[in-house]
Amino acid sequence: MGVTKEQVESSLKAKLNPSHLEVVDTSGGCGASFVVEIVSEQFEGKRLLERHRMVNAALEEEMKQIHALSIKKTVTPEQWKQQQESNQSNAAA
Amino acid sequence: MSCAKPLTLQLRLQSRTVTSFHSVVGRVTVTTSTLSVPQPSPLVFSHKLHFQPIFKRASTTIRCSSALTPQLKSTLDKVIASNKIVLFMKGSKDFPQCGFSNTVVQILKSLNVPFETVNVLENDMLRQGLKEYSSWPTFPQLYIEGEFFGGCDITVEAYQKGELQELLEKVMLC
């Protein structure tokens, strides 16, 4: 019994209202391991630790069955835009 | 439902012809113990219900109560207060038993700082209690100067940005 990518996405969408969200199931099918990238306005003014706590709290139910949750990115829409732009300029250079 | 204490239940009946009441519903035995007929209000029965749980699961009782006992909390307080850097991890410093724990061990080793590790796989009470203590669902958990710093992702990110090095330099000077 595991958690689906869709369950993780819908909980995160409902609680953090992300402008960008990427959930990857890295469990190989058993639903116990996920990688999350999330962009949300609610992260504004919050430290990294607090942002991760918000993601953990949003997935409280799912965490009972998830073995490994890797939170790769918790950024604000503004930070996300800057990162996208710098990636593009790196690619162009 | 598992319940150690008998429950008292009051039934209100409109009919006034019933003089005694006894029924068995599944594993629940209902016996009328008192009967009062306050006129003109409806009949009031007082019952004592004794629930016999059909399944007794050890895990149910563990989940109901907190794993973080006061004793465990004060032990953790002491461990964290008496070491500048403590890593609660799966496995040991020299033999990590989880990739995420290993990552943090390697980062700390590369920074040449002394750190204590506690293997949470050795004690399930400790493992569950720590999740509550730190309000953090997974391991490893890194404490620096008595404060929860983060899990694997946060430590990696801070290391990549150079923030972890900066913090540890400060901590080691004190």
Side-chain angles (χ1 to χ4, degrees), chain A residues 1-3 7-8 11-12 15-16 18 21-28 30-40 43 45-76 78-80 82-83 86-87 90, chain B residues 57 59-60 62-64 66-67 80 85-91 96-104 107 120-121 124 127-128 130-168:
Chain A
M1 218 177 36
V3 176
Q7 279 173 285
V8 174
S11 288
L12 289 174
K15 285 160 190 154
L16 297 172
L21 175 67
E22 197 178 329
V23 177
V24 183
D25 183 345
T26 50
S27 69
C30 75
S33 174
F34 294 90
V35 174
V36 172
E37 249 189 51
I38 179 164
V39 182
S40 168
F43 294 142
K46 301 272 200 312
R47 291 188 308 145
L48 187 60
L49 179 62
E50 292 172 277
R51 295 177 182 190
H52 278 231
R53 283 202 194 280
M54 288 163 73
V55 175
N56 286 334
L59 294 176
E60 198 190 350
E61 273 309 303
E62 289 80 0
M63 282 311 287
K64 289 173 189 163
Q65 291 173 50
I66 295 177
H67 171 76
L69 178 72
S70 181
I71 306 169
K72 282 286 167 244
K73 240 180 211 144
T74 47
V75 292
T76 60
E78 201 174 307
Q79 289 174 316
W80 176 245
Q82 283 171 1
Q83 287 179 7
S86 81
N87 282 349
N90 283 347
Chain B
R57 286 201 336 222
S59 62
T60 313
I62 289 170
R63 278 189 191 167
C64 286
S66 161
I80 289 161
I85 306 172
V86 191
L87 181 65
F88 295 96
M89 60 177 286
K90 292 184 175 175
Q97 284 175 263
C98 154
F100 300 101
S101 289
N102 182 47
T103 302
V104 178
I107 287 177
V120 298
L121 293 178
D124 200 54
R127 183 172 165 184
Q128 297 309 324
L130 258 170
K131 292 182 187 180
E132 288 176 44
Y133 185 86
S134 311
S135 314
W136 197 259
T138 52
F139 291 97
Q141 295 180 1
L142 181 62
Y143 276 83
I144 300 174
E145 284 253 284
E147 235 182 88
F148 180 62
F149 183 77
C152 179
D153 296 317
I154 289 181
T155 309
V156 169
E157 205 170 320
Y159 176 69
Q160 285 168 346
K161 287 183 183 163
E163 292 168 1
L164 182 64
Q165 294 85 321
E166 221 172 276
L167 174 66
L168 290 180

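First the proteins, then the strands, lettered A, B, ... as listed; each starts at 1.
- Summarising the geometry, atom CD1 belonging to B/I107 is positioned 9.5 Å from atom CG belonging to B/L142; distances are rounded to the nearest 0.5 Å.
- Neither the backbone nor the side chain of A/I66 comes within contact range of chain B; no heavy atoms are under 4.5 Å apart.
- Between atom CD1 of residue A/I38 and atom CG of residue A/L16 there is a gap of 4.5 Å, rounded to the nearest 0.5 Å.
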Step-by-step side chain to side chain contact (heavy atoms under 4.5 Å, CB included) determination, B/F139 to B/L130
CA-CA 9 Å; B/F139 291 97; B/L130 258 170; 3.8 Å; yes

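- Put simply, the side chain of A/F34 does not reach to within 4.5 Å of the side chain of A/L59, judged on heavy atoms.
- Looking at B/F149, only its backbone comes within 4.5 Å of chain A, counting heavy atoms on both sides.
- Between A/V75 and A/F43, the closest heavy-atom pair is O-CD1, 3.4 Å.
- Closest of all the heavy-atom pairs between B/I80 and B/V86 is CA-CG2, 4.2 Å.
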Using only distance, no hydrogens or angles, which N or O donor-acceptor pairs sit under 3.5 Å between chain B and chain A?
{"residue": "B/S134", "atom": "O", "partner": "A/R53", "partner atom": "NH1", "Å": "2.8"}
{"residue": "B/S134", "atom": "O", "partner": "A/R53", "partner atom": "NH2", "Å": "3.2"}
{"residue": "B/S135", "atom": "O", "partner": "A/R53", "partner atom": "NH1", "Å": "2.6"}
{"residue": "B/D153", "atom": "OD1", "partner": "A/S70", "partner atom": "OG", "Å": "3.1"}
{"residue": "B/D153", "atom": "OD2", "partner": "A/I71", "partner atom": "N", "Å": "2.6"}

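- The heavy-atom pair separating B/P140 from B/L87 by the smallest distance is CB-CD1, 3.8 Å.
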